[in-house]
Amino acid sequence: MSKDLDFITFCSNVQARDFEKASRLEYQGLIRSHVRTLKDAKPNKFNAHANTPSDILEILDPSTSTIGYLFALLARIEAFGTNWSTPGHVPRDLRPGYPLWNKVIRFLETADPILLRYVGEQYRTLNMHVECIARTLGQPALAIAPLRAGMMRLDTTTGTFTSTHLQIIRLCVETRQYAAAVPILDNYIHSITPTLPANVTNMEYGCLANEHLTSGEYLQLRFGHSDLPLATTLGKVQEYYVLGAMAYIGIHDFKKARDFLEHVLVTPSNQGGTTGLFLEAYKKWVLVSLLVDGSATQTPRTMHPGSLKIVRSASKAYEAVADAFKAGDVKKLRSQIAAGHDTWAEDGNSGLVGQLEQGHYRLYISRLANTYSAIPVSKIVERLGGSTQDAVNYLNTLSKQGHLNAQTEDSGDAKVGVVLRFFPDSEGPLAKTEKQQEQALVAQTQRIQALAEQIRSADFRLGLTKEYVANTKREKEKAATTGDAMDTSWDDGVPEEDILGEG
Amino acid sequence: MGLDAENSPHFQERRAKGAIIVKDLPKLDLESYISNYNGFARSARLLHIATLSPYLAYEALHLAITEAHDRGRNVDLYQRLVALLAKIAPTDPLATLDKDWIERTQRELKAEGDKLEHELKSYKNNMIKESIRMGNEDLGHYYEACGDYGGAAKAYGRMREHCTSPKHLADMTLRLIYVTIAQQSWTAVSSQLIKLDLVQLKGEERAKVAAIQNACAGLTQLCTGNLAGAASSLIHTSPIFITMPPVAGITWQKDVMSAHDVAVYGGLCALATMDRAELQSKVLGNPDFRNFLELEPHIRRAITLFCKSKYSACLEVLEGYRSDYMLDLYLSKAVTAIYNKIRTKSVVQYFIPFSCVTLEEMASKFQVSGSSGNIEEELEQMISEGVLDARIDLVNRLLVSPLHDPRHSVHSDALSMAQKYEHTLHLRLTRLNLLQAGLTMSFDKSQGGGQQFGT
């Protein structure tokens, strides 16, 4: 018993934010040796008093003894074996609502972010188990919230691309829980597979326990937060963005979807190489940008022209629809949509294409605001077809959804009927007051400043790569040699001047 | 006559093709109008009028055929004119080809051509520069007379290396300009005009050439759609153009474009492209151009009315001359565009001082009698093209000037710009990260092209 107690005490040895005893670097050393010891510990040590009051999981506090608790959790789960194929095989304790599952959730919600940095591999394994359990039970959606909570604990910005990102977005798209993915999707990815040389992390500045680090500096491949071997990562990054865009499309936020797809489109390319996901992103991008502003949006400037040419030639049907849409020709648009029916179905874009007709009407009406200050609804109906009452309802929905800064009103004249009155930008239901605008601007400034910080960090990492260092060295050598050449020419000039002076 | 001609096969064919036919009776008197022109300008204008106007076709063709037959040697032109007449008035005595004349003229031309070629060859053998130059020039004149302007241009072009004085060079270039205008190959005209600049000429000679240069440049720009350029070239044409003696053997004001043409083309292009202050200072206040404007008082009147903000009166005046201008060889293609521009400008200028005008008022000011189309549609199009800054209130039937809140728009512009900037930064960051991680798409599958979708 005392041995077990000793072990439990050992597990709680390294506490969160335990800085008084030592410098951060020493603290880091302490954590690392702690992790090494726990890795070697036998699982039955953790499972000795399972389901009794002296259970290690009952005694330890996940928010302070994060590392020990995580090892204990894993040992407990793995004790059940992990090869379940049917819901019936899942052990009762692990099912949602039962103690162990609750403990997992409590851990993911309260674990100490800094300690978590050192046990990336174990943290990832835990995530896999959570997903596995939820899937085996046939309720994959159950895994989303815990995984998300864990991500937020580890990195409040969730801006470093990890395998959990992909895990969550796959789950969300699969279960159509699009809104559940939004908190993660809204945080942009600022670091992808960052690597820092070991000698930097062993210095006081680069120490993982530092709180000022951006997540790109502590979540690193070497520490097991991402299982992605380099060769397949590009596909996974692109998959994350495409699935993310699909989630945004699912909640009808087309602008964000377009922005997401553009992240795929700017993938660097070697001599115009492309990938399947790149093509898929381009196809969706064409449709989504139509829905956003109805005209051809420029492809991102950094897109590789060779790749663009290739995907263009492979998406002729999409370009044809886009042309019909831009021309504002409903009949042509309909026939193009009908003609490409099989293509859309094959590419999984039927739903998006179906939105086009709606989007066309919406844009037509919002463009009226540029020409008219007021127009009888009957006039709109004349051009778009349908009944007046339907049109009025539709217009009201549009202005409620924030697509239209206008309102319908009864003119009182039976001949004219209901009219649609547009407001100038600074008035009407959609107009922002000056204060709101100012707030938005301030928030925007802050976001950009934070972004600049991330870029600085990316630049810092880039500055530590071997290629960069080699290049700088070369440049310096070059500068040194050219400097010498200039010096000699200057030396040559001096005696000449002397001669002149004497003459 | 007009009615008969309108139902003739020629005009029916044009109608079927949707080509222009000038149905209204033009104001011009053909005899006096055409007496302003000589040479190719005369025949080309007659042919153009005959092709477009059912009223004047018969008269124009008669004039042209008689002339081509009695004084000309252009067999090709003669045949075309007769063929056209045959389609308009098949029973007319002139509508049958004079085969004897054709044969005789062709024979004569061949003999003369052979003679000239032979002479040129002997000059070449003697290697006398001046003779070779003149031999080529004669050959050029000969081709011109036959209507082979391409051949003429080649012959004149061969003169270049044998020119010994700037005058020769200038004459040659002017000749080339003349034949390229006859061919209507405007890029060639403008390149020759540039070459003319390089020729060193002095005093009076230079002034004359400059006048010709301005007029021809204006014509070229008009025909290539550069209305602003045409306006500025034409209004700077020196008045000596009106009376100057032939230069390089060409009476420019008769053989190419008359002083009336300079006034009309210049005035219309200026109206279409300049604002009121510019029109006042550069056109009406321009002593040189005043000489031209005096020849076409209605153009002067239209410009004056525009400057005095009497837009509808100005448009009325111009509309009265629409069919005349449609029958002009060079204006007929551009006149609709020019008129539309003037009209659009008038509407925009008219609306500037108002915050709100009723559509009825707009219609009464700008709806020209007889023209089809609705003022609403026209305004709508102008607004959507971004020419007119206004909104239409179809309920109260008003044209309203939109409320601008500069403070608000600056704020929203700044916001949208910042958002764009943020997004661009995101994209750059992603790219930077991918590059740093060595993740690029390439044709080699082992290098990262592999896909594992939805595992």
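Worth knowing before you read on, the calculation uses all heavy atoms, side chains too, and leaves out hydrogens, waters and symmetry mates. Note on naming: letters A, B, ... go to the chains in the order of the sequence lines (proteins, then strands), and numbering restarts at 1 for each one.
Looking at B/Ile383, the atoms closer than 4.5 Å to chain A (heavy atoms on both sides) all sit in the side chain, from C-beta outward. For chain B, the nearby part of A/Ser307 is the side chain; its heavy atoms alone come within less than 4.5 Å. Using a 4.5 Å cut-off between heavy atoms, A/Phe422 does not touch chain B at all. Heavy-atom distances place the side chain of A/Gln444, and not its backbone, under 4.5 Å from chain B. Residue contact with chain A, scored on non-hydrogen atoms closer than 4.5 Å, is absent for B/Ser409. Heavy atoms of A/Ile375 lying under 4.5 Å from chain B belong to its backbone as well as its side chain. Interface remark: B/His423 contributes side-chain atoms only to the contact with chain A (heavy atom separation under 4.5 Å). With a 4.5 angstrom heavy-atom cutoff, A/Ile310 touches chain B only via side-chain atoms. Residue contact with chain B, scored on non-hydrogen atoms closer than 4.5 Å, involves the side chain of A/Pro300 exclusively.
Using a 4.0 Å cut-off between charged side-chain N and carboxylate O, A/Arg170 and A/Glu131 make no salt bridge. In summary, B/Glu278 and B/Lys282 engage in a salt bridge, as defined by a charged side-chain N under 4.0 Å from a carboxylate O.
The line from OH of B/Tyr325 to CG of B/Leu318 is 7.0 Å long, rounded to the nearest 0.5 Å.
The two residues A/Tyr188 and A/Ala450 come nearest to each other via the heavy atoms OH-C, 4.2 Å. Between A/Thr445 and A/Leu441, the closest heavy-atom pair is OG1-O, 2.6 Å.
For chain A, the option among B/Asp393, B/Ile392, B/Leu434 with the highest count of heavy-atom pairs below 4.5 Å is B/Ile392. In terms of non-hydrogen atom pairs under 4.5 Å with chain A, the most contact-rich of B/Val400, B/Thr430, B/Leu398, B/Leu435 is B/Thr430. For chain B, the option among A/Asp259, A/Val419, A/Leu265 with the highest count of heavy-atom pairs below 4.5 Å is A/Asp259.
Under the 30°/60° scheme for interplanar angles, the aromatic rings of A/Tyr240 and A/Phe260 are found to be tilted.
In this structure, the side chains of B/Gln184 and B/Trp186 come closer than 4.5 Å at one or more pairs of heavy atoms. Within the 4.5 Å cutoff, the side chain of B/Val348 has heavy atoms near those of the B/Met382 side chain.
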